[in-house]
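Excluded from the calculations below are hydrogen atoms, water molecules and symmetry mates; all remaining heavy atoms, backbone and side chain alike, are included.
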Amino acid sequence: MHDAYEICPILEKLPLIIEAIACYNDNLLVGTRQGHLLVYTITPAPGRADTRFDVALDRSHKSFSKRPINQLAVVPEYHILISLSDGLISVHDLTVYAQITSIPKTKGATLFAIDLQVCPYVQYTLRMCVAVKRKLQLFYWKNRDFHELQPDLSVPDIPKCMEWCQDSLALGFKREFFLVMVDTGDLKELFPTGKMMEPTITRLDNDRLALGRDNMTIFIDAEGDPTQTYAPTWTDMPVSMVQHSPYIIAVLPKCVEIRTIEPKLLIQNVELPKPRFICCGGGQVYVASVNYIWRLASTPITTQIKQLLTSKEYELALHLANMTEESSSDKNRRIQHIRNLFAFDLFSQHRFQESLKIFAELGTDPSHVIGLYPNLLPQEYRNELEYPDRVPELEGIDLENGFLSLIEYLTHQRNELSKDMSKDMVSSAIVEGTATITSKKQLSQIIDTSLLKCYIHTNDALVAPLLRLKDNSCHIEETERVLKKHQKYSELIILYEKKGLHRKALDLLLRQSQKVNSPLKGHDRTVDYLQRLGADHLHIIFDFAEWVLKQCPVDGLKIFTEDMSEVESLPREEVVNYLERTAKNLVIPYLEHIITVWKDAKTDFHNHLANAYKEQICDLMSEYLNSLPEGEAPAKSGSEPGDLGELRKKLLAFLETSSHYTPERLLAHFPLDSFFEERALLLGKLGRHEQALALYVHVIGDNQAAVAYCQRNYDPNKEDYKDVFLHLLKLHLCPPDLRSLGVTAGALGAAAATQPDDGLQLALDLVEGHANQIDTAKALQLLPMHTKVEEVLIFLETVLEEKAGRKRSSQVLKSLLYAEHLQVQEQRIHYQKTKFVITEEKVCCVCKKRISNSAFARYPNGVIVHYFCCKDPQHCPVD
């Protein structure tokens with residue numbers, strides 16, 4: 001509690017009985033039971049403006065009324081006084097107090113209520129409701145008189161009190177409160193009045209009403225709905241009540257009580273002898289009994305604020321600070337100071353969310369807010385910060401709740417900082433004069449590091465997402481220390497990666513991979529990390545990939561073959577050289593991947609893969625031959641057992657399908673005493689078909705492979721490829737000298753066993769099976785003279801049938817083309833029959849200019865336009 005008002009006596013032991021009071025500006029009007037109207041001027045006494053007043057009786061109207069004056073209302077805006085006396089409403093001039101008018105219709109009135117509204121076009125609108133028994137009479141003021149606003153409204157009882165609220169009227173009856181909609185006359189029952197025989201209704205600001213129910217006050221809006229979640233409770237039943245912002249003042253049977261609505265506080269309690277009436281006008285508050293009148297003189301706001309700050313009533317102090325009449329800068333400084341104290345006090349009460357919200361609104365330096373929590377800032381920096389009082393020590397559930405609220409605050413501050421990092425920060429301190437941080441970069445580092453520490457204490461699953469953010473500004477050394485302390489090695493790897501400390505990250509992964517209970521045990525995280533580094537860190541990849549390649553070659557190879565843009569961009573020549581030095585057995589899988597999966601067409605890679613196949617086949621072949629029992633012949637080429645056979649098939653398939661290697665270079669590296677199938681494929685790639693076929697027929701002894709070779713390479717449209725079957729025919733009939741093919745003496749001996757027994761029969765089978773792919777004349781010239789006609793009969797019949805079929809097809813095509821030609825000629829003649837004449841007067845139907853010698857177009861309906869004007873040939877412009 002504090003002294004918001006000082007009670008100052010105005011009138012004492014008045015010989016008349018007071019029935020009603022009203023005030024405006026410095027004037028106090030008193031209506032008495034004897035019908036007298038007393039008008040006083042109340043002015044501050046010189047030198048004691050806040051505690052003593054000079055009281056002067058300006059007027060005493062003894063003949064104002066013959067009956068008691070029951071109610072007074074002053075309307076300074078219209079300069080009138082409205083009174084209720086002898087059951088009649090009268091209006092008097094506020095200067096000379098002469099009667100302007102009375103309303104005969106209101107005879108028998110017991111109560112009235114006025115409503116003054118500001119309108120857009122008229123300065124003010126005055127409405128009045130008068131209670132006459134169980135009727136409500138509605139009037140409006142115009143041309144110095146009251147006129148009926150609408151027909152009377154019926155109510156269920158005689159109102160004891162009444163107040164306007166927008167277009168509604170709140171009525172207090174003997175037992176219940178009701179709300180009347182003025183436009184429709186609808187009644188809405190609110191709630192009982194309680195034990196009070198005389199209910200009270202007070203009009204508040206913001207279109208609210210305060211309804212008294214016993215010793216409680218209930219706040220409603222114009223719809224009758226409650227506006228507060230709680231009801232202030234008085235120490236006794238209020239007799240009457242007014243609002244004098246920020247306070248609500250109630251007259252109780254033995255005292256005057258002053259409270260606030262928001263927050264709900266008892267401010268002051270002043271004992272007075274039997275107070276009954278209270279009025280507020282022009283910023284002044286008067287309280288009266290039947291013979292006494294007191295003025296509630298407001299204590300200076302600055303004095304009240306000091307008292308409130310001492311008692312930590314910051315919300316009320318803020319309300320008063322907004323009412324001070326001082327310069328804008330001084331007012332803002334005062335409000336800032338109070339709000340900082342309020343936010344700190346809320347924090348001390350462990351109301352973290354409310355506290356941090358105020359700090360955010362004030363733009364308080366986030367480092368000062370973070371300093372309220374233990375172990376978030378470096379101790380030497382935290383010792384330099386100043387606070388209004390001793391910072392509370394947080395632990396247990398309070399500390400966790402505080403961290404949760406701080407996370408929300410820091411996230412908001414982080415988003416605000418990230419909007420423009422180039423500008424310096426302008427922030428305030430909790431205690432004025434304490435240094436603040438102006439660098440956004442430094443502040444961002446403090447915020448992110450503190451946020452990470454909060455996550456570790458509340459929800460460590462959020463640490464990794466924070467570290468992965470592109471704009472993460474965590475302090476490296478401090479974050480490293482915290483993560484190591486809590487054994488957050490996975491998160492530490494993310495920190496190193498985002499800060500570009502790749503060697504530290506990979507060293508940590510290597511150490512953790514060897515620990516049995518570590519979540520980073522094994523090589524998977526290392527492989528994943530190396531895959532994301534990219535070509536700029538190739539030397540680091542090579543340094544740390546070696547141990548993975550040795551421990552698990554299959555997974556290690558994924559470092560260079562994973563389907564990721566960073567992996568695909570690695571320089572492949574350097575990777576191949578690295579694998580040659582480190583893991584030679586992975587060269588072939590790597591080359592296979594880049595050629596078959598990544599479709600790399602570089603000649604060097606294709607040459608390298610073929611040579612790698614050849615070298616590995618040579619090594620396996622040597623082992624295979626040494627493992628054979630004495631006297632057992634080796635398997636046929638391509639059908640060797642195990643890895644040797646599979647690798648041989650791969651080499652043959654590669655040489656056959658790839659078109660990006662250099663056959664000349666590869667041919668020079670293949671030995672002459674083996675790899676005959678491979679040499680045949682290479683010779684075929686060079687267009688040396690006769691030599692390739694000679695190897696198939698006379699060295700390998702596989703006539704079917706030779707025929708398959710011809711089928712693959714035959715192309716009637718290419719000069720070097722249209723006679724491959726003829727070359728094979730020639731080889732059957734005229735075996736070549738194998739020495740001319742470079743076949744070694746050892747291979748010649750093996751070749752002798754594979755020579756065909758009957759070359760003529762193979763030749764005849766060839767021409768019969770492929771008659772359409774062999775030049776007939778050249779084939780007949782190659783066949784021996786002693787060849788019988790019956791032996792080539794099928795060949796000749798096939799050729800003749802093919803020639804005859806081709807002739808018939810040509811004849812049919814010729815006839816079809818001729819028929820089509822006749823149709824075109826017929827159409828031409830049809831269209832040429834139509835003629836039209838372009839004269840000098842002929843104009844374009846679109847632009848209305850003469851056609852003259854310009855290019856033109858004619859539509860089927862005869863319309864002629866310039867060719868330029870023919871925008872759509874399918875649509876005539878004048879249809």
Side-chain angles (χ1 to χ4, degrees), residues 614 617-618 621 625 633-640 645 648-649 651-653 655-656 663-664 666-714 720-771 773-775 778-787 791-792 795:
K614 185 259 299 180
I617 289 172
C618 289
M621 181 65 76
L625 294 176
K636 188 179 179 181
S637 177
S639 59
E640 297 90 346
R648 194 75 182 273
K649 290 176 183 177
L651 175 58
L652 290 171
L655 294 175
E656 183 178 336
E664 299 93 330
L666 293 181
L667 196 60
H669 289 86
F670 277 80
L672 298 175
D673 59 351
S674 59
F675 292 97
F676 298 118
E677 295 91 335
E678 291 80 358
R679 291 179 63 80
L681 288 172
L682 292 171
L683 289 169
K685 291 287 184 178
L686 293 170
R688 294 155 63 178
H689 304 297
E690 194 167 354
Q691 295 180 8
L693 290 169
L695 288 175
Y696 278 120
V697 176
H698 297 291
V699 177
I700 302 172
D702 191 344
N703 186 61
Q704 291 182 352
V707 174
Y709 174 90
C710 292
Q711 290 175 332
R712 290 196 307 271
N713 291 277
Y714 174 73
D720 294 338
Y721 290 84
K722 66 180 182 179
D723 290 332
V724 289
F725 281 99
L726 194 64
H727 295 321
L728 181 56
L729 179 64
K730 184 178 179 181
L731 288 171
H732 285 320
L733 297 174
C734 306
D737 182 5
L738 295 179
R739 292 185 180 85
S740 64
L741 300 178
V743 180
T744 61
L748 287 174
T754 62
Q755 294 295 328
D757 296 331
D758 191 355
L760 178 59
Q761 187 57 46
L762 291 175
L764 293 176
D765 292 340
L766 182 66
V767 296
E768 286 182 10
H770 303 278
Q773 296 167 310
I774 300 176
D775 188 300
K778 293 180 180 179
L780 292 174
Q781 288 177 358
L782 289 174
L783 290 173
M785 295 297 295
H786 58 78
T787 305
E791 293 176 331
V792 294
F795 166 60

TODO: Give, for atom CG of Leu683 and atom CZ of Phe676, the distance between the pair rounded to the nearest 0.5 Å.
DONE: 12.0 Å
Task: Inter-residue atom distance Asn703.CG - His698.NE2, 0.5 Å rounding - done: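 Asn703 CG to His698 NE2: 9.5 Å, rounded to 0.5 Å.
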Open item on the list: Are more than 12 heavy atoms, taken from residues, nucleotides or ligands other than Lys730, located less than 6.0 Å from that residue's NZ atom?
Closed with: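 Count not over threshold, so no.
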Can you see which heavy atom on [X] is nearest to which on [Y], and at what distance?
| X | Y | answer |
| --- | --- | --- |
| Glu656 | Lys685 | O-NZ, 3.3 Å |
| His689 | Gly684 | CE1-O, 3.7 Å |
| Leu693 | Ala706 | CD2-O, 3.6 Å |

Task: Note, Leu655 side chain near Leu666 side chain (heavy atom, < 4.5 Å) - done: yes
Open item on the list: Is there a side-chain contact between Gln691 and Arg679 in this structure, where contact means two heavy atoms from C-beta onward sitting under 4.5 Å apart?
Closed with: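 Side-chain contact under 4.5 Å: no.
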With [X] via side chain to side chain contact (heavy atoms under 4.5 Å, CB included) - residues at least two apart:
| X | result |
| --- | --- |
| Ala680 | Ala692, Leu695, Tyr696 |
| Glu664 | Thr662, Leu686 |
| Lys614 | Asn611, Cys618, His669, Phe670, Phe675 |

- [ ] Check side-chain hydrogen bond (donor to acceptor under 3.5 Å, both in side chains) between Asn713 and all other residues, then give those that pass, not counting sequence neighbours.
- [x]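 By the side-chain hydrogen bond (donor to acceptor under 3.5 Å, both in side chains) rule, Asn713 matches no residue at all.
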